[in-house]
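Worksheet: the structure to be examined is printed underneath.
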Amino acid sequence: MNKGLPKNKNCLFCRIVRGEIPSQKVLENKELLAFKDINPQAPIHVIIIPKKHLDSLSGAEEKEIALLGRIQLAIPEIAEKLLGKNSDYRVVTNCGEEAGQSVFHLHYHFLAGRRFTWPPG
Ligand code: 5GP
Ligand code: ZN
């Protein structure tokens, strides 16, 4: 029945990109979107995604190198915007269910505002 529909039609984060689900945006440009996590695990918890649907970092290809690089560079931009200069933060991406991934659209968790422990749980 769903044949012919785009694969990401019902992807939660694609729906956020399309504005079908509201989000509290922190940063947006033509390639990426950063928004506050609905269930924050730290005083500051932002989700950073490419607008283009990729399931996770696993399987990312060479052709995505510029996009992935620009996401990396958005991280210090978000840090400065939310925390000012010389801030401390953690960035995590869960790849696969066993690693804690629940939304299968590539995303990075940006966490700050408390002390983090290592190893993570
Ligand atoms: P994962 O478990 O896949 O690494 O992370 C998914 C994240 O998306 C979780 O931290 C979860 O709280 C967040 N999330 C799930 N649904 C929504 C939503 O509708 N809006 C927002 N802003 N975040 C969501
Ligand atoms: Zn998606």
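Computation of the quantities below employed the complete heavy-atom set of this structure, encompassing side-chain atoms and omitting hydrogens, waters and symmetry-equivalent molecules. Values in this document were obtained by computation on a predicted structure and should not be read as measured data. Just so you know, ligand 1 is whichever comes first in the structure, and atom 1 is the first atom listed for that ligand.
- When all heavy atoms of G96 and F104 are compared, the pair lying nearest together is CA-CE2, 4.2 Å.
- Side chain of E20 to backbone of R15: no donor-acceptor contact under 3.5 angstrom is found.
- Counting heavy atoms from C-beta outward, D37 and V46 have side chains that stay 4.5 Å or more apart.
- Regarding atom 3 (O) of ligand 1, its nearest protein heavy-atom neighbour is S102 N, 2.6 Å.
- Looking only at heavy atoms of the protein, atom 24 (C) of ligand 1 is closest to I38 CG2, 3.4 Å.
- Within a 6.0 Å sphere centred on CD1 of I65, other residues, nucleotides and ligands contribute 12 heavy atoms or fewer.
- Taking the ring pair (Phe, Tyr, Trp, His ring centres under 6.0 Å) definition, one finds that Y89 meets it with F110, sequence neighbours left out.
- Counting protein heavy atoms only, atom 8 (O) of ligand 1 is closest to F13 CZ, 3.5 Å.
- Closer than 2.8 Å to the Zn ion (ligand 2) sit the protein N, O or S atoms C11 SG, C14 SG, H53 ND1, H105 ND1.
- Under a 4.0 angstrom heavy-atom cut-off, S23 registers as lying outside contact with ligand 1.
- In this structure, the side chain of R90 does not engage the main chain of R115 through any donor-acceptor pair within 3.5 Å.
- Not one N or O on the side chain of K51 forms a donor-acceptor pair closer than 3.5 Å with the backbone of L33.
- Counting the atoms of ligand 1 from 1 in the order shown, those under 4.0 Å from a heavy atom of F35 are 21 (C), 22 (N).
- For atom 9 (C) of ligand 1, the candidate residues are V103, D37, N94, L12; the nearest heavy-atom contact is made by D37.
- Rounding to the nearest 0.5 Å places CG of N94 at 11.0 Å from CG of L57.
- In summary, the atoms of ligand 1 found under 4.0 Å from a heavy atom of N39, numbered by their order in the structure, are 12 (O).
- Between H45 and ligand 1, a contact under 3.5 Å exists for no N or O pair.
- When non-hydrogen atoms are compared, ligand 1 lies under 4.0 Å from neither the backbone nor the side chain of Y108.
- At the shortest separation from atom 6 (C) of ligand 1 among protein heavy atoms lies H107 NE2, 3.5 Å.
- Listed by number with element, the atoms of ligand 1 under 4.0 angstrom from any heavy atom of H109 are 1 (P), 4 (O), 5 (O), 7 (C), 10 (O).
- Considering only non-hydrogen protein atoms, atom 22 (N) of ligand 1 sits nearest to K36 O, 2.9 Å.
- Between the N8 side chain and the C11 main chain, no donor and acceptor come within less than 3.5 Å of each other.
- Annotation: H105 is not in aromatic contact with H107 [ring centroid separation under 6.0 Å not met].
- With salt bridges taken as basic N to acidic carboxylate O contacts below 4.0 Å, none links E31 and K52.
- For R18 (side chain) and F13 (main-chain N/O), no donor-acceptor pair under 3.5 Å exists by modelled atom type.
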